[in-house]
Novice: 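Would you mind keeping the following structure in view while I ask a few things?
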Amino acid sequence: MRLNPFNTGNINVRSSGGGGVPGGKAGGIGCGTIVIAAVGYFVFGLDPMQTAGMVEGVQQGQQQAGPANTNEQEVCTSSEFAREACNGLQSLNQTWAGTFEAQGYGDQFRQPTLDLYGGGGVNTGCGSGTSAMGPFYCPADQTIYIDTSFYDTLERQLGAGGDFARYYVLAHEYGHHIQTITGISSQIRSAQQQNPSRANQLQVLMELQADCYAGVWAGKNRNLIEPGDIEEGMQAAAAIGDDRLSGGRVSSENFTHGTSQQRSDALRLGLQGDDRACDRITNIG
């Protein structure tokens with residue numbers, strides 16, 4: 001995807017050192033935890049849900065803290081993946097700011113922060129997070145957290161390589177930021193508290209809408225898309241579906257992100273470029 005080079009005046013980026021906050025974790029099971037659980041199942045035959053629980057337990061035990069690097073130029077040029085992420089963040093900011101402005105909600109839009117942390121762990125407004133969780137978004141501090149080593153796992157273990165696959169991951173987490181600033185996230189959390197039996201189902205809807213929002217960003221930038229990009233995105237969406245990662249051993253009641261087909265369909269819906277179509281996914285009445 002041919003994105004313009006980043007301008008540090010248009011993005012909020014930092015890199016935190018390793019560490020975590022005792023007794024907390026950053027908002028549930030992340031993509032990385034699911035990847036590790038999947039590898040445990042396919043390679044060693046381990047129960048994926050038990051593996052995920054073990055990973056989450058290890059995460060809570062990591063407590064070394066490190067200083068954050070707030071020099072955006074240094075952070076964004078520290079690696080090719082970092083440069084790519086900063087280019088993607090700038091494009092996402094511009095696209096969504098324009099979308100809010102066009103719909104008369106320009107004053108509601110706020111940029112998220114991107115934390116390209118290293119060292120295995122990070123302090124967040126939601127508690128402790130680690131590389132094992134993969135990319136995640138914390139609504140408390142409105143920050144997207146990515147250890148870019150996850151992209152190596154995405155390609156080696158799941159066969160979902162290519163720059164657009166990585167942009168899709170970033171755009172999905174950005175979708176959770178959109179849900180936060182529009183109030184959709186708080187509506188879903190309230191519905192989960194009122195009806196705990198539907199908690200997982202509602203969480204899946206949140207994730208599918210974030211996939212759809214990722215597609216909206218790509219759809220609004222079709223002039224920058226290169227041959228093969230869409231296929232990379234679809235492959236990445238399918239690769240991290242709950243059914244694919246669990247080998248079919250986890251029932252739909254325990255899904256957290258949606259099936260491969262659901263995730264691909266949500267991304268495809270968003271590619272039409274209309275974010276209002278995505279809003280229907282979480283219209284729970």
Side-chain angles (χ1 to χ4, degrees), residues 1-15 31 69 71-102 106 109-117 134-137 142-155 160-178 181 210-237 239-240 263-264 266-275 278:
M1 196 170 183
R2 303 183 304 274
L3 298 184
N4 293 325
F6 69 87
N7 180 333
T8 55
N10 299 330
I11 54 178
N12 300 319
V13 180
R14 67 173 184 246
S15 178
C31 293
N69 182 355
N71 186 315
E72 294 170 336
Q73 185 69 28
E74 287 185 6
V75 174
C76 290
T77 57
S78 62
S79 71
E80 189 56 39
F81 282 157
R83 185 185 299 274
E84 186 179 86
C86 291
N87 294 345
L89 180 64
Q90 176 174 264
S91 176
L92 283 157
N93 284 340
Q94 293 171 341
T95 299
W96 282 107
T99 299
F100 274 63
E101 187 68 34
F109 178 77
R110 297 184 300 277
Q111 291 187 14
T113 297
L114 174 62
D115 193 327
L116 298 174
Y117 69 95
F136 61 90
Y137 172 79
Q142 297 189 14
T143 299
I144 298 168
Y145 291 90
I146 298 178
D147 181 340
T148 54
S149 64
F150 170 77
Y151 294 136
D152 292 325
T153 302
L154 190 66
E155 183 168 2
D163 63 341
F164 192 81
R166 295 186 290 272
Y167 286 135
Y168 155 71
V169 171
L170 175 61
H172 170 92
E173 299 306 332
Y174 202 105
H176 287 312
H177 177 65
I178 298 301
I181 62 179
D211 282 334
C212 187
Y213 282 156
V216 168
W217 163 73
K220 289 181 178 292
N221 292 279
R222 280 190 174 273
N223 60 312
L224 305 177
I225 292 178
E226 299 175 303
D229 281 348
I230 300 301
E231 290 76 11
E232 289 175 3
M234 289 297 176
Q235 186 174 2
I240 52 180
R263 301 200 71 170
S264 299
L267 179 60
R268 187 176 293 108
L269 175 64
L271 282 166
Q272 298 175 21
D274 184 0
D275 61 290
C278 304

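When a residue number appears, it is its place in the shown sequence, counting from 1.
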Novice: Are the charged groups of R14 and E72 less than 4.0 angstrom apart, N to O?
Specialist: no

Novice: Distance check, rounded to the nearest 0.5 Å: I178 atom CD1 versus R110 atom CZ?
Specialist: 10.0 Å

Novice: Assess the side chains of Q90 and N4: does a donor N or O sit below 3.5 Å from an acceptor N or O?
Specialist: no

Novice: Is any side-chain heavy atom of L269 closer than 4.5 Å to a side-chain heavy atom of V216?
Specialist: no

Novice: Do D115 and I144 have side-chain heavy atoms sitting under 4.5 Å apart?
Specialist: no

Novice: My understanding is that only residues two or more places apart in sequence, or in another chain, count here; which of them pass side-chain contact (heavy atoms from CB on, under 4.5 Å) with R83?
Specialist: F6, T77, E80, N87

Novice: Any side-chain heavy-atom pair from I146 and L170 closer than 4.5 angstrom?
Specialist: yes

Novice: Looking only at heavy atoms, which two atoms of K220 and G273 are closest? And how far apart?
Specialist: NZ-O, 3.2 Å

Novice: Do any N or O atoms from the side chain of N71 and from the backbone of E74 form a donor-acceptor pair under 3.5 angstrom?
Specialist: yes

Novice: Search all heavy atoms of L3 against all heavy atoms of G88 and return the closest pair with its distance.
Specialist: CD1-CA, 3.7 Å

Novice: Classify the ring geometry of F164 against W217: parallel below 30°, tilted from 30° to 60°, perpendicular beyond 60°.
Specialist: parallel

Novice: Using a 3.5 Å distance criterion without hydrogens, assess whether the side chain of D147 forms a donor-acceptor pair with backbone atoms of L116.
Specialist: no

Novice: Looking only at heavy atoms, which two atoms of P135 and V169 are closest? And how far apart?
Specialist: CG-CG1, 3.5 Å

Novice: Which heavy atom in R222 sits nearest to a heavy atom in L271, and how many Å separate them?
Specialist: NH2-O, 3.4 Å

Novice: How far does CD of Q94 sit from CD of Q111, to the nearest 0.5 angstrom?
Specialist: 9.0 Å

Novice: Ignoring hydrogens, what is the shortest heavy-atom contact between A214 and A171? Give both atom names and the distance.
Specialist: CB-CB, 3.6 Å

Novice: So R263 and Y168, do their side chains get closer than 4.5 Å, heavy atoms only?
Specialist: yes

Novice: Ignoring hydrogens and geometry, is there a side-chain-to-backbone donor-acceptor pair from R2 to N223 under 3.5 Å?
Specialist: yes

Novice: Are side-chain heavy atoms of Y145 and L114 found at a separation under 4.5 Å?
Specialist: no

Novice: When the ring planes of Y117 and F136 are compared, do they come out parallel, tilted or perpendicular, using 30° and 60° as the limits?
Specialist: tilted

Novice: Walk me through whether T8 and C86 qualify under side chain to side chain contact (heavy atoms under 4.5 Å, CB included).
Specialist: CA-CA 9 Å; T8 55; C86 291; over 6 Å; no

Novice: What is the minimum heavy-atom distance between C278 and G270, and which atoms define it?
Specialist: SG-CA, 4.3 Å

Novice: Would you please name every residue forming a side-chain hydrogen bond (donor to acceptor under 3.5 Å, both in side chains) with S78, sequence neighbours left out?
Specialist: none

Novice: Please determine whether side-chain hydrogen bond (donor to acceptor under 3.5 Å, both in side chains) holds for the pair T95 and N221, giving the CA-CA distance in whole Å, both sets of side-chain angles, and the decisive distance to 0.1 Å.
Specialist: CA-CA 8 Å; T95 299; N221 292 279; 3.0 Å; yes

Novice: Are Y213 and Y174 packed together at the side-chain level, in the sense that at least one heavy-atom pair is separated by less than 4.5 angstrom?
Specialist: no

Novice: To the nearest 0.5 Å, what is the distance between CD on Q73 and CG on N7?
Specialist: 9.0 Å

Novice: For H177 and F109, take the angle between the two ring planes, folded into 0 to 90°, and tell me which bin it lands in: parallel under 30, tilted 30 to 60, perpendicular over 60.
Specialist: perpendicular

Novice: Using only heavy-atom distances, determine whether the side chains of T99 and D275 contain a donor-acceptor pair under 3.5 Å.
Specialist: no

Novice: Tell me, do P112 and N93 make a side-chain contact under 4.5 Å, heavy atoms counted?
Specialist: yes

Novice: Would you give the length of the straight line joining atom NE2 of H172 to atom SG of C212, rounded to the nearest 0.5 angstrom?
Specialist: 12.0 Å

